[in-house]
Amino acid sequence: MSNATKAPKSDRRTRATVLVALAANLVIAVAKTVGGLVAHSPALLSEAAHSVADSMNEVFLLAALRRSRRPADRRHPFGYGKERFFWSLLAAVGIFVVGGCFSFLQGIEALRGGAEEKFGGYVAGMIVLGVAFVAEGLSLVRALHQVRRQGGVVDGLRDPALRTVVAEDATAVLGVTLALTGMALHMITGQVGWEASASLAIGVLLVYVAYRLGRDARDQLIGQAAAPEADARIRALLAAQPEIDSVEALFTMQTGLETALVAARVDLVPGLDSEQVEEVAVRIKRSIGRTVAEADQIFLDVTERSAREAQGSPAATGERGGA
């Protein structure tokens, strides 16, 4: 079964996972905000900002899932697959700005001015965080289950939408743990520094996660090569062709989650006429399309070595692969 057939089913599962995370984060964001304002807790308000950022990011990811599946058109002949990477980059920026920076501000403000202690409110806030821990944990379990269904860590986390949900949920569980610890120590010792430190730690955590997600999305957005395994399979296929004298260059680039562009420059053995060259080019491109399912755009620059040496200019042929 081809990737084109499997992709919609995979996207439906990812969409369901994102919707579960969105619902959990919206409810938790409201609860954390109310609890943080009642308790005057910087750590709880930092976690509220974290949940707001995650909710906004889930909206970005839903847009990515919908827009990346649009068919190619004249303005975008290679399709819209990179929309997935673009919206994932925006999600990383959202984590950094809304979550990380706000958490830093809350921690610094608490260290500078202290915080009003309302222990009844703190108990309510800790109850909110306990519920949030359970909700975020369930969302994380679902996301990890989907990762396993889609081939494990290596294959499952290739999807930037699913990768972002896993990172957000794992970070949320750790962030809630930090907030709970900071609030408990503040209640026990009366020192706001514990809670301010928890808020700063949450900020550091969010900035780090945003950096990692943003770096991955950037690499994919600017043109990352296909997986090394796919590159190796293509090189082996080209080397096995009796008509190919040498492979001068091979370039691959991901154009979407499950699509890639392949371009190769090869020298053919001497003695082939133009009709044979065309037949060889078509056969090789179809073989690449069958061997590497994600290679939906395949271009070959094929030249007979003796002709290239005599004329100094290669004859180029291109065809949409996988036919």
Side-chain angles (χ1 to χ4, degrees), residues 3-30 48-102 135-136 139-140 142-144 146-147 149-150 155-172 206-207 209-224 253-260 294 296:
N3 282 344
T5 303
K6 293 188 295 184
K9 183 176 180 181
S10 173
D11 276 5
R12 286 195 296 270
R13 290 198 298 262
T14 300
R15 185 173 182 271
T17 298
V18 174
L19 286 172
V20 168
L22 175 60
N25 280 314
L26 284 174
V27 173
I28 292 169
V30 173
H50 181 185
S51 294
V52 170
D54 286 350
S55 300
M56 181 175 64
N57 293 340
E58 261 90 57
V59 174
F60 288 158
L61 298 179
L62 290 173
L65 292 172
R66 180 177 61 85
R67 295 175 64 87
S68 65
R69 287 297 169 188
R70 290 182 294 170
D73 53 36
R74 291 186 62 185
R75 292 193 62 188
H76 300 87
F78 296 109
Y80 290 81
K82 287 193 175 185
E83 286 258 17
R84 211 154 181 143
F85 311 142
F86 170 74
W87 291 100
S88 296
L89 180 61
L90 288 188
V93 173
I95 293 174
F96 176 84
V97 175
V98 180
C101 293
F102 184 81
E136 298 285 11
S139 180
L140 177 60
R142 176 183 170 83
L144 292 175
Q146 185 179 340
V147 169
R149 290 182 65 184
Q150 292 186 197
D155 292 333
L157 294 185
R158 287 178 58 247
D159 185 344
L162 185 55
R163 183 170 64 236
T164 300
V165 171
V166 170
E168 286 179 350
D169 288 345
T171 304
L206 292 175
V207 168
V209 170
Y211 164 74
R212 291 295 301 268
L213 291 173
R215 185 188 64 179
D216 292 341
R218 178 207 62 189
D219 291 343
Q220 293 173 313
L221 193 59
I222 64 178
Q224 190 171 15
M253 183 179 68
Q254 291 181 346
T255 56
L257 179 60
E258 293 152 337
T259 57
E294 62 266 32
D296 71 330

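Remember, predicted model here, so these are calculated numbers, not experimental data.
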Minimum heavy-atom separation for [X] and [Y], please, with both atom names.
| X | Y | answer |
| --- | --- | --- |
| Gly94 | Asn57 | CA-OD1, 4.0 Å |
| Glu136 | Ser51 | OE2-OG, 4.3 Å |
| Ile28 | Ala135 | CD1-CB, 3.6 Å |
| Val165 | Ala21 | CG1-CB, 4.2 Å |
| Leu26 | Ser55 | N-OG, 3.5 Å |
| Thr255 | Ala260 | OG1-N, 3.6 Å |

State, yes or no, whether a side-chain contact exists between [X] and [Y] at a heavy-atom distance under 4.5 Å.
| X | Y | value |
| --- | --- | --- |
| Thr164 | Val18 | no |
| Arg69 | Arg84 | yes |
| Arg70 | His76 | no |
| Leu62 | Leu19 | yes |
| Phe85 | Gln224 | no |

For the [atom1] atom of [X] and the [atom2] atom of [Y], what is their distance to the nearest 0.5 Å?
| X | Y | atom1 | atom2 | value |
| --- | --- | --- | --- | --- |
| Arg218 | Ser88 | CZ | OG | 14.5 Å |
| Leu221 | Glu83 | CG | CD | 10.0 Å |
| Arg67 | Phe60 | CZ | CZ | 12.5 Å |
| Arg75 | Tyr80 | CZ | OH | 7.0 Å |
| Asp216 | Leu89 | CG | CG | 10.5 Å |
| Asp54 | Leu61 | CG | CG | 10.0 Å |

### Message
For the CZ atom on Phe96, are there more than 12 heavy atoms of other groups (residues, nucleotides or ligands in this structure) within a distance under 6.0 Å?
### Response
no
### Message
Can you confirm whether Phe78 is buried at CZ, in the sense that more than 12 heavy atoms of other residues, nucleotides or ligands lie under 6.0 Å from that atom?
### Response
yes
### Query
Does the side chain of Ser139 pick up a donor-acceptor pair with the side chain of Asp169 at under 3.5 Å?
yes
